[in-house]
Amino acid sequence: MKDLPDSDVAARQAWMGVLAKAPAAALLSAWDAHGLTPAFTWLRAPEVGGVMVRGRAGATGAAFNLGEMTVTRCALKLADGRVGHAVVQGRDTRKAEVAALCDALMQGAEAAQVRAAVLDPVEATMARAAHTRAAKAAATKVDFFTMVRGD
Amino acid sequence: MYVAVKGGERAIDNAHQWLAEERRGDRDVAELSVDQIREQLSLAVNRVMAEGSLYDPDLAALAIKQARGDLIEAIFLIRAYRTTLPRFGASEPVDTGAMACDRRISATFKDAPGGQVLGPTFDYTHRLLDFALAAEGLAPEAATEGEPATGPVPHVTEFLNHEGLIQQEHAPAHDTPRDLTREPLELPAGRPLRLQALTRGDEGFVLGMAYSTQRGYGRNHPFVGELRIGTVAVEMEVPELGFAVEIGEVVLTECETVNQFVGSKSEPPQFTRGYGLVFGQTERKAISMALVDRALRWEELGEDNVGVPAQDEEFVLYHSDNIQATGFLEHIKLPHYVDFQSELELIRKLRREAMEGERREAAE
């Protein structure tokens with residue numbers, strides 16, 4: 001994987017990020033509606049664990065350990081040899097499996113299909129939720145005005 | 001002499017059964033679901049995640065249900081669960097400058113670029129009981145007419161950086177922080193370990209310590225330069241891939257204080273900083289953490305140790321963890337019959353000797 005061109009790495013980082021952050025329900029319903037059931041073998045069966053999340057002192061200084069988050073990881077191989085990885089937030093093993101399958105399929109002929117049926121709708125759902133939250137935040141922005149005092 | 005060494009199994013079983021029944025409460029009242037706790041008691045969930053040191057809202061909600069709302073008991077459950085998880089690695093340090101902010105305020109700059117965004121805050125509420133909440137009904141929906149901000153919101157301290165008015169925070173070259181969940185806490189701890197202890201420390205303890213500095217026990221004149229709450233992505237390098245990917249996102253509260261500093265032998269007068277970063281929407285804790293962080297930095301900033309508790313790394317770090325504290329405190333209620341038996345023997349012997357001594361003196 002280290003030999004991939006940068007643009008391919010960036011593309012894969014982008015879809016893996018969407019799959020990791022996707023709400024499990026949204027990802028699974030999009031996947032199930034899509035109806036793909038590719039054959040695969042596990043390279044690493046889904047496993048729940050923790051990742052230590054780090055921050056930086058003063059946002060830019062020395063790193064420190066903030067606390068862990070739960071993640072589920074797995075790796076699988078399609079019949080044609082493509083390998084899919086997933087490290088996704090939470091403890092949903094089925095979400096990890098679907099994320100790894102999408103990762104594998106995105107590396108070949110089914111990429112456009114998976115993007116249209118799974119990635120794009122899930123990403124749109126997440127973007128809508130983020131936009132609504134940002135709009136609610138913006139509605140609480142303070143508008144200062146200067147009081148004219150005296151005459 | 002009576003020394004109990006065994007027994008009580010039946011009593012313990014029955015006690016736990018009764019506990020489960022009491023947890024459920026009146027069966028004529030609908031049972032709480034874990035989803036309801038996660039969604040409607042979210043600040044309790046956030047506290048359990050922060051002090052349990054594990055970001056997983058569903059697990060925190062379950063722990064709160066199991067603990068009957070006793071948050072320290074819930075934190076205990078999460079800490080115990082956490083130790084069963086294999087550790088897959090550590091994330092890249094999160095970029096709070098790229099936070100999608102729900103709330104972002106500055107007490108120092110009215111016109112900070114990005115604006116003052118209040119978010120879903122208790123501030124400016126009247127703290128009058130709202131009896132409407134006691135009646136069932138639909139909650140009002142938040143206004144969404146705002147124009148969402150695009151792009152990252154810069155940290156307020158950066159504006160002071162431009163003029164060199166504030167102490168800078170630089171990342172060291174070798175930057176793997178020590179982890180107090182993996183090695184015993186040894187002193188001097190250093191700032192990264194202190195920040196880890198503070199972020200998982202008991203909210204009440206850290207608040208009390210911070211308050212003590214405000215009341216004069218190590219005063220450091222803090223302003224809240226910035227307080228922000230929002231979502232950041234978490235990125236981790238995956239060894240099999242050879243590059244970093246986002247593995248999820250977390251809600252964090254970050255507080256940067258701007259503190260007075262008159263300068264030292266090596267530094268001109270400039271502002272200094274305290275830092276708080278905590279899982280979830282937890283702003284009381286984040287502000288407290290920043291104040292205590294600043295107080296503990298006395299040595300690095302060339303200040304005098306005036307001997308107050310908030311400057312004492314050992315005192316703060318060894319007493320901030322509520323699970324350690326409650327474990328040691330609550331164990332004294334468990335059977336100590338043998339220990340006490342020996343104390344009893346001792347006090348009887350001492351009394352016997354004292355009384356014999358008195359009798360002898362009286363006789364002489």
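All chains are named by letter (A, B, ...) in the order of the sequence lines, taking the proteins before the strands, and each is independently numbered beginning at 1. We use all heavy atoms of the structure for the numbers below, so side chains are in, but hydrogens, waters and symmetry mates are not.
With respect to chain B, the highest number of heavy-atom pairs below 4.5 Å among A:M16, A:R54, A:Q89, A:E47 belongs to A:R54. In terms of heavy-atom pairs under 4.5 angstrom with chain B, the leader among A:A130, A:A63, A:A134 is A:A63. Comparing B:L85, B:D95, B:T84 by how many heavy-atom pairs each has under 4.5 Å with chain A, the most go to B:L85. Ranking B:E256, B:R178, B:E249 against chain A, the residue ahead of the rest is B:E249, based on heavy-atom pairs under 4.5 Å. The most heavy-atom pairs under 4.5 Å with chain A, out of B:V234, B:V278, B:T96, come from B:V234. Taking B:A143, B:A142, B:G230 one by one and counting their heavy-atom pairs under 4.5 Å with chain A, the maximum is reached by B:A143. Contact tally against chain A (heavy-atom pairs below 4.5 Å) for B:L195, B:V245, B:T199: the top residue is B:L195. Here B:L277 is the residue among B:L277, B:D111, B:D293, B:L198 with the most heavy-atom pairs under 4.5 Å with chain A. For the options A:Q13, A:M52, A:H131, heavy-atom pairs under 4.5 Å to chain B are most numerous at A:M52.
In this structure, no portion of B:C255 lies under 4.5 Å from any heavy atom of chain A. Residue B:Q167 does not touch chain A at all, counting heavy-atom pairs closer than 4.5 Å. Only the backbone of B:H170 comes within contact range of chain A, with heavy atoms under 4.5 Å apart. When heavy atoms are compared at a cutoff of 4.5 Å, B:T231 does not approach chain A at all. Contacts between A:V88 and chain B at a heavy-atom distance below 4.5 Å involve the backbone alone (N, CA, C, O).
Across all non-hydrogen atoms, the minimal contact from A:M69 to B:I247 is CE-O, 4.0 Å. Nearest heavy-atom pair across A:K141 and B:G115 is CE-CA, 3.9 Å. For the pair A:A20 and B:G248, the tightest heavy-atom approach, listed with the atom from each and the gap, is CB-N, 4.2 Å. Heavy-atom minimum distance, B:R273 versus A:G58: NH2-O, 3.1 Å. The two residues A:A135 and B:T144 have their closest heavy-atom pair at CB-O, 3.6 Å. Residues A:R56 and B:Y275 approach most closely at O-CE2, 3.1 Å, considering heavy atoms.
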**Item:** Residue pair A:K21, B:E246: steps toward the salt bridge (charged side-chain N to carboxylate O under 4.0 Å, His left out) verdict
**Value:** CA-CA 8 Å; A:K21 293 187 291 187; B:E246 287 178 356; 2.7 Å; yes
**Message:** Run A:K136 and B:D102 through salt bridge (charged side-chain N to carboxylate O under 4.0 Å, His left out) and show every step you take.
**Reply:** CA-CA 8 Å; A:K136 286 177 187 171; B:D102 287 349; over 6 Å; no
**Prompt:** Between B:R82 and A:E68, does a salt bridge (charged side-chain N to carboxylate O under 4.0 Å, His left out) hold up when you go through it step by step?
**Reply:** CA-CA 8 Å; B:R82 192 201 65 78; A:E68 283 168 281; 2.3 Å; yes
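Put simply, OG1 on A:T60 and CD on B:E169 are 5.5 Å apart, with the number rounded to the nearest 0.5 Å.
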